[in-house]
*Asks:* 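Below is one structure. I have some questions about it.
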Amino acid sequence: MTDLSLPTALQAPSPRRKKALANRFTPWFFLAPFLTVFAAFFVAPVGYALYLSLFIKKRGGFGPARQAFGGLTNYVRAFQDSEFLQSLLHILLFMVIQVPLMLLAATALALILDGVKNGFAGRFFRTAFYLPYTLPSVIAGLLWGYLYSKNLSPFNQITGLKTDFLASGILLFSIGNIVTWTWTGYNMITLYAALQNVPGELYEAARIDGASNWDLTRYVKLPLLRPALTLSAIFSVIGTMQIFSEPFVLRPLGYVPDNITPNTYLYLVVARDGNFSYGAALAVLLAVFTFILSGFFLRSVQGES
Amino acid sequence: MSYAQPPRLLKKTALLLSLALVASTALAADPAFPKAPTDKVQLEVWSWVPGLDKTAAEFTKQYPNITVKITNLGGGPQTYTKLRTAIEAKSGAPDVAQIEYGFLPAFADTGGLVDLSKYGASDFKKYFVPWTWGQVSPDGQAVYAIPQDTGPFAMVYREDLLKKYGIATPKTWDEYAKAAATVNTKSAGKVKLGNFYTTFAPWFMAMAWADGGQFFKRDGDGWVQTLNNASAKKVLNYWYALIKKGQIGTLQAFTADYWNAAGAGSVASNFEAAWGPGGYAGSLKDKSAGLWRVAPLPQWKAGGKVASGNWGGSSNVVTTQSKNKEAATLFSLWLNLSQTAITANWNNGGLFPASDAGLALPALDDKTKNPSKFFGGQNISAVYAEASRGVNVNFQWAPWFPAVNDNFNKQMDKMIKGQFTPDQALDAWQAETLAGAKKEGFTVK
């Protein structure tokens with residue numbers, strides 16, 4: 001490799017400089033398509049949201065509101081907005097309960113699938129568990145909305161109970177159920193794929209050492225799943241912060257609090273109350289909060305290992 | 001002659017001429033519309049009225065210079081989100097859009113609506129049912145929209161069930177409460193006389209509206225909000241007492257649960273706006289068909305004129321982004337005042353007209369068609385027309401009503417759970433939304 005560059009170094013200075021210049025631009029040239037799209041669809045909107053969040057509405061009398069520069073007013077308002085702060089608490093509660101349950105179920109399913117040697121059964125269940133994820137979350141919400149209906153729900157008809165799954169007290173858990181139903185299969189596939197990458201020699205070695213099936217699972221498979229599990233957990237934490245469709249689709253069916261998740265609250269601030277600037281500030285705060293949360297999680301996982 | 005409408009001064013002569021020359025151009029009962037533009041223009045219209053494209057084609061027949069592109073957005077909150085975003089983005093808004101009365105001030109507040117009085121809309125005030133004009137022109141000067149359809153309130157009920165339980169159609173709220181008790185006893189709690197919608201503030205507000213309740217008022221340079229007014233308290237306490245006794249249900253409006261109960265005969269009556277019966281016919285189909293009837297809203301005092309409130313109904317606005325504001329105004333007026341359009345809107349979308357002359361159109365009482373057919377061939381439009389004329393004209397909305405609308409659900413949830421009395425629920429509704437409106441910068445007491 002190095003001897004190939006030697007002749008270049010021996011050449012006359014002017015073409016060398018030209019070449020060096022070209023070398024410097026080459027990566028940018030190849031990066032340009034990505035950077036253009038990245039700037040247009042990521043950096044620019046984020047920048048615009050930041051800019052927008054600095055404005056407030058000024059009113060006088062009955063006329064339309066004026067946009068005026070307000071500095072950090074919207075951010076100060078957000079930290080005093082008990083509805084918004086509560087929405088963060090709602091989603092934290094949701095996360096603490098739903099994410100571990102879902103990952104536990106996904107891991108169990110992945111291990112079972114990995115253990116099933118029958119090709120057809122394996123393929124069938126893999127597809128079956130994954131299917132819910134292929135439904136758009138709006139459709140899933142509508143379907144579950146019907147299953148949750150107080151008088152028509154098959155659960156209530158079978159059990160003879162009159163459980164109102166949409167009652168405001170248990171609504172968050174009902175939504176958790178929909179999310180779990182949708183995403184368990186998805187996470188299972190990630191974990192299952194990770195298990196497929198485990199070299200066969202490891203299992204052979206364990207077998208020779210006299211490991212039982214349980215030992216194999218506990219001391220070989222689970223530790224090897226750790227990186228994939230961490231990844232799934234991070235994605236789930238980020239995904240949880242973004243929950244919107246499920247509660248939103250359930251709104252026409254009964255009372256769903258405006259602030260059941262941060263995103264529904266943010267959406268209503270913008271779409272219903274027309275306060276785009278405050279919505280932008282909330283979105284920025286939510287992004288920062290998600291960033292901190294996933295960073296915190298990653299740090300604690302890495303610290304352990 | 002051109003298809004353009006004659007100027008107002010020459011109305012009579014032109015009308016005779018047009019009748020003699022092209023009888024289909026202008027029907028005798030239609031008012032004289034403003035002049036059409038001489039250039040070719042295209043209008044974009046956002047609406048949720050079914051079959052509006054066919055009605056618009058009729059318009060183009062009469063005004064060949066104006067073609068109309070209809071986008072049906074299906075209605076609901078998402079429709080408003082789209083419009084709000086287009087107004088905020090200062091591009092992409094249609095020429096004409098459909099907005100419900102309650103949401104009109106919120107859109108006027110964006111500054112994205114044209115004051116149609118500049119385009120002669122005020123001259124057409126006299127053709128509309130009086131209360132509707134107060135909805136589109138709250139200060140009596142600026143006109144933010146042309147009234148389209150209305151939702152005056154009346155009672156729908158199962159004639160067979162009331163007969164079965166030996167109840168005469170209730171004419172007062174006292175009689176209604178007694179009937180609720182009778183149905184409850186005689187059906188062993190299986191049938192409820194009525195239903196209270198806990199997530200539809202406008203339904204509840206229409207009840208208080210009928211009693212003269214006022215929720216928002218303009219006062220000097222600011223607003224006054226009184227969600228906990230005396231009428232609201234009276235109405236809510238009345239319903240809560242019936243709910244507590246188990247005589248009235250709390251099924252959610254427009255859900256499978258509700259239609260199932262209504263079709264199966266476990267709800268004997270309800271209070272619906274003029275556009276409601278169409279929904280009953282469409283959702284229940286042959287279940288309980290022919291068994292329903294419509295009666296005027298029960299009154300707090302026996303005798304006298306029937307007072308009613310309004311739930312829903314909509315109007316047509318012209319946006320400031322429109323490049324053809326005259327043509328857009330003309331279309332909005334024609335769509336809601338011409339017999340052709342009113343008849344089509346009723347037949348296709350069940351729009352109960354805001355036009356005063358429209359209330360008497362024979363199409364509204366076609367016994368061979370729904371909703372009249374579903375209601376046993378009764379002339380239900382006559383009941384609703386009487387209701388519309390009894391709607392209090394001074395009722396106003398505020399720009400922050402969308403938030404008020406949603407906050408109602410929160411307070412009702414607490415009331416139904418027993419955490420709040422009706423009075424406390426209304427006080428909380430008032431306090432929370434007042435604080436919210438102040439945060440949004442409104443001058444409001």
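Lettering of chains follows the sequences in order, A, B, ..., and the numbering in each one begins at 1.
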*Asks:* Run the salt-bridge test on A:Lys150 and B:Asp257 with the 4.0 Å N-O cut-off and return the result as yes or no.
*Replies:*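 Between B:Asp257 and A:Lys150 there is no salt bridge, as every charged N stays at least 4.0 Å from the carboxylate O atoms.
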*Asks:* Between chain A and each of B:Pro105, B:Pro402, B:Gly111, count heavy-atom pairs under 4.5 Å; write down the option with the most.
*Replies:*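 It is B:Pro402.
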*Asks:* For chain A, which residues from residues 408-422 of chain B have at least one heavy atom closer than 4.5 Å to it?
*Replies:*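 The stretch touches chain A at B:Asn409, B:Lys410, B:Asp413, B:Lys417.
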*Asks:* Roughly how far, to the nearest 0.5 Å, is OH of A:Tyr255 from CG of B:Asp406?
*Replies:*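 The OH atom of A:Tyr255 is 9.5 Å from CG of B:Asp406, to the nearest 0.5 Å.
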*Asks:* State whether the number of non-hydrogen atoms from other residues, nucleotides or ligands found under 6.0 Å of B:Lys217 atom NZ is greater than 12.
*Replies:*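 At most 12 heavy atoms, drawn from other residues, nucleotides or ligands, come within 6.0 Å of this atom.
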*Asks:* Can you tell me how far the CG atom of B:Asp109 sits from the NZ atom of A:Lys57, to the nearest 0.5 Å?
*Replies:*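 Spacing of CG (B:Asp109) from NZ (A:Lys57) equals 6.0 Å.
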*Asks:* Against chain A, label B:Ala106 side chain, backbone, both or neither, depending on which of its atoms sit under 4.5 Å from a heavy atom there.
*Replies:*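 Neither part.
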*Asks:* Looking at A:Tyr51, I'd like to know if its OH atom is crowded, meaning that more than 12 non-hydrogen atoms belonging to other residues, nucleotides or ligands lie closer than 6.0 Å.
*Replies:*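 No, because the 6.0 Å sphere around OH of A:Tyr51 holds 12 heavy atoms or fewer from other groups.
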*Asks:* Which of residues 163-173 of chain A get closer than 4.5 angstrom to chain B, counting heavy atoms alone?
*Replies:*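 Against chain B, the residues of residues 163-173 of chain A that fall inside the cut-off (heavy atoms, under 4.5 Å) are A:Ser168, A:Gly169.
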*Asks:* Any cation-pi pair here, A:Arg272 with B:Tyr80, using under 6.0 Å and within 45°?
*Replies:*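 Geometry flag: not set, cation outside 6.0 Å or 45°.
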*Asks:* Which atoms of A:Phe276 come close to chain B, meaning under 4.5 Å heavy atom to heavy atom: side chain ones, backbone ones, both, or neither?
*Replies:*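 Just the side chain, heavy atoms under 4.5 Å.
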*Asks:* Would you compute the distance between atom OG1 of B:Thr199 and atom CG of A:Leu253 and round it to the nearest 0.5 angstrom?
*Replies:*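 CG of A:Leu253 is found 9.0 Å from OG1 of B:Thr199.
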*Asks:* Does atom CZ (A:Phe125) have a neighbourhood of more than 12 heavy atoms from anything else shown, all under 6.0 Å?
*Replies:*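 Not buried by this count: 12 neighbours or fewer within 6.0 Å.
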*Asks:* Could you list which of residues 431-440 of chain B have a heavy atom closer than 4.5 Å to any heavy atom of chain A, in residue-number order?
*Replies:*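 Interface residues of residues 431-440 of chain B: B:Lys439, B:Glu440.
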*Asks:* For A:Val256, is it the side chain, the backbone, both, or neither that has a heavy atom closer than 4.5 Å to a heavy atom of chain B?
*Replies:*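 Contact with chain B is absent: no heavy atom of A:Val256 under 4.5 Å.
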*Asks:* Within residues 129-145 of chain A, which residues come under 4.5 Å of chain B, heavy atom to heavy atom?
*Replies:*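 The stretch does not come within 4.5 Å of chain B.
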*Asks:* Would you find more than 12 non-hydrogen atoms of other residues, nucleotides or ligands less than 6.0 Å from A:Phe291 atom CZ?
*Replies:*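 Incorrect, the count does not exceed 12.
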*Asks:* Heavy atoms only, distances under 4.5 angstrom: which of B:Thr85, B:Ile87, B:Thr81 has the most pairs with chain A? Name it, please.
*Replies:*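 Highest number of pairs under 4.5 Å: B:Thr81.
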*Asks:* Any chance you could measure B:Gln252, atom CD, to A:Ser149, atom OG, to the nearest 0.5 Å?
*Replies:*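 If I round to the nearest 0.5 Å, the distance is 10.5 Å.
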*Asks:* With a 4.5 Å heavy-atom cut-off, do A:Asp258 and B:Asn407 have their side chains touching?
*Replies:*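 No, side chains not in contact.
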*Asks:* Among the options A:Ile56, A:Leu152, A:Leu268, A:Asp273, pick out the one with the most heavy-atom pairs lying under 4.5 Å from chain B.
*Replies:*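 The option with the most such pairs is A:Leu152.
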